[in-house]
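The next block holds one structure in the form of structure tokens; read it before the comments.
Throughout, a chain's letter reflects where its sequence line sits, starting with A, and its residues are numbered from 1.
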Protein chains: 2
Amino acid sequence: MVSIGVQGGVYRQAACLQCPARPRMLCAGMTNELLPALGSIATDVRLDKGETLFYEGDDAKYVYNVKKGYVRLSRLGVDGRRQVMGFLTVGDYMGHTGKSQYAISAEALTDAEVCRFSRSDLESLLSQYPQLERQFHHMTAGLLDDMLDLLFTLGRKNAIERVASFLDNALDRQIQSDEPATQIWLPMTRADIADFLGLTLETVSRAFSRLRKEGIIDIEHAHTIHILQRARLIDIASGDG
Amino acid sequence: MVSIGVQGGVYRQAACLQCPARPRMLCAGMTNELLPALGSIATDVRLDKGETLFYEGDDAKYVYNVKKGYVRLSRLGVDGRRQVMGFLTVGDYMGHTGKSQYAISAEALTDAEVCRFSRSDLESLLSQYPQLERQFHHMTAGLLDDMLDLLFTLGRKNAIERVASFLDNALDRQIQSDEPATQIWLPMTRADIADFLGLTLETVSRAFSRLRKEGIIDIEHAHTIHILQRARLIDIASGDG
DNA sequence: CGCGCGTTTGATCCTCCTCAACGCTGGTGG
DNA sequence: CCACCAGCGTTGAGGAGGATCAAACGCGCG
């Protein structure tokens, strides 16, 4: 059963000390004093696959950190066109905006757990703990850097380069979290990837096939990819292919 | 004569109290106490048209606020492909990144004046004045929102929609600064616009011509555009055209 | 005046989109 | 337990939108 919106999910008081994602969260590096303060305003929310955490246009009351699973951020155009803004996983953060409504929607790609902070609660903490605003700001700046990369990809790369960039990026994040590996798991569909890269799902599928035929990747299942020749993948991604 | 790099330009101590751009700057809303502190670490830099303020890859030592004129932010790919990330003007802010090197280059489109803050100087102020980090963070979040709009445009709009979006946006910013108007001045070339919108200069030029033929805009000179039918422009920009 | 840069317009080409068919897989119900 | 079905992925054929190549024009400037 899938519940809809912020009303959905299972709630419980956050247990920060046991949080496996802490080193990469909003609460990263927080002192013994600040951590409980943060914990007291945090709520764990559990999401079923397919469940929407918030919709574009909703009042932006909360910010979130992903603790487990995958979340997709996207925006919908009037005629149904969709642009996926990112795929989030452990440690990633979302919901922040300069406006009072969310500019994007967030939906769980897999069963997921997120840590929810009310923005008004957070505000009051910010004035007490400048360090927190620091961390907050730092994460926002990191997001901005990521968006610049994506902007270049969407504006100036062709289909095969976009897909190669996507795979290389996915591998990077995999490596950062787990031990170095050549295998990536993609919880999203080809349509999701297409809407992320500004392509159609057919074009994405063809790009995967082409990379496979050229021996650069191996497609174990549609969602499990092995990178066989990372150097060539990077070359293609950067336009040297 | 055009000087190159951060070495270029004419320097002088910032005169914050007389700064015409203050309401929209990093120093917006700063108290009487904080403003002099900020002023003491600020330097005015004057730029000739075409002069580069910083290059992608340079150590990110400063952040900047534009006080006058126009600045173009862009990134260059290995084979010369260029993606323009934005066109900045009075009050806009740049140079901020989560990394230690700039992710983009900044070049003056017109003669310009910017207000320069050393990041290390800023850091020390931040710990004294949390309000400053606040404002800083707020501007970064605003940038992020803008990037999401651009991402949708690059990922999911066709040529005419992109150009219409661009013009509508330019008009919006014009209106926000001056009195409501229907005329926009575009200091950048068609190639700049193309590299911003992920198109070629020819396609941009054709889109302008088509909008003119349909009576939606009037092209006084290549860089002076009149918006004759804003409603239709917005419709086209959002895909209802 | 002539030159160079930026813009416009035209002709052709090619990448990616669209439409369509088919296969695979996992879930559901008979 | 198996048949069926829906959703997702792959592959193919054809077409459209934008890129590329090319030429001419206008304008500012030396």
Could you give the NZ-to-C1' distance, from B:K213 to C:dT9, as a whole number of Å?
8 Å

To the nearest angstrom, the NZ-P distance between A:K157 and C:dC16 comes to 14 Å

Would you indicate what A:R210 reaches in the nucleic acid, counting non-hydrogen atoms under 4.0 angstrom: base, sugar-phosphate, or nothing?
nothing

5' precedence on DNA chain D between A:R156 and A:T189 (nearest-nucleotide basis)
A:T189

Which nucleotide in the list D:dT20, C:dT9, D:dT10 gets nearest to the side chain of B:T200?
D:dT20

Ionic contact status for A:D111 with A:K49, cut-off 4.0 Å
no

State plainly whether the residues A:R190 and A:E202 are in salt-bridge range, i.e. N to O under 4.0 Å.
no

Could you tell me whether A:R81 and B:E161 make a salt bridge, using a distance below 4.0 angstrom between a side-chain N and a carboxylate O?
yes

Can you identify which nucleotide, out of D:dG18, D:dT10, C:dT9, has its nearest atom closest to the A:S205 side chain?
D:dT10

If you take atom types as modelled and just measure distance, does the side chain of A:R206 reach the base of D:dG12 with a donor-acceptor pair under 3.5 Å?
yes

Rounded to the Å, how far apart are B:I219 CD1 and D:dG26 P?
15 Å

By the 4.0 Å heavy-atom rule, please label B:L201 as base, sugar-phosphate, or nothing.
base

Phosphate-side-chain proximity, A:T203 and C:dC17, N/O vs OP1/OP2 below 4.0 Å:
yes

Classify the nucleic acid contact of B:R162 as base, sugar-phosphate or nothing, counting any heavy atom under 4.0 Å across all strands shown.
nothing

Tell me whether the guanidinium CZ or amine NZ of B:R116 lies under 6.0 angstrom from the six-membered ring centre of B:Y62 and within 45° of its axis.
yes

Please determine, for the side chain of A:A222, which listed nucleotide (C:dG10, D:dG12, D:dG9) has the closest atom?
D:dG9

Quick one: sort the A:F166 and A:F87 rings into parallel, tilted or perpendicular, breaks at 30° and 60°.
perpendicular

Give a yes/no answer on whether the side chain of A:H223 brings an N or O atom under 4.0 Å of OP1 or OP2 in D:dC8.
no

Separation of atom CG in B:N158 from atom P in D:dA16, rounded to whole Å:
15 Å

For A:H221 and D:dG9, give me the distance from atom NE2 to atom P, rounded to whole Å.
14 Å

B:L199 side chain: which of C:dT8, D:dA19, C:dC17 is closest?
D:dA19

Over how many whole Å does the gap from B:E202 atom CD to D:dG17 atom P extend?
18 Å

Rounded to the nearest angstrom, tell me the gap between atom NZ in B:K49 and atom C1' in D:dG28.
11 Å

Which whole-number value in Å describes the distance from A:D79 CG to C:dC17 C1'?
15 Å

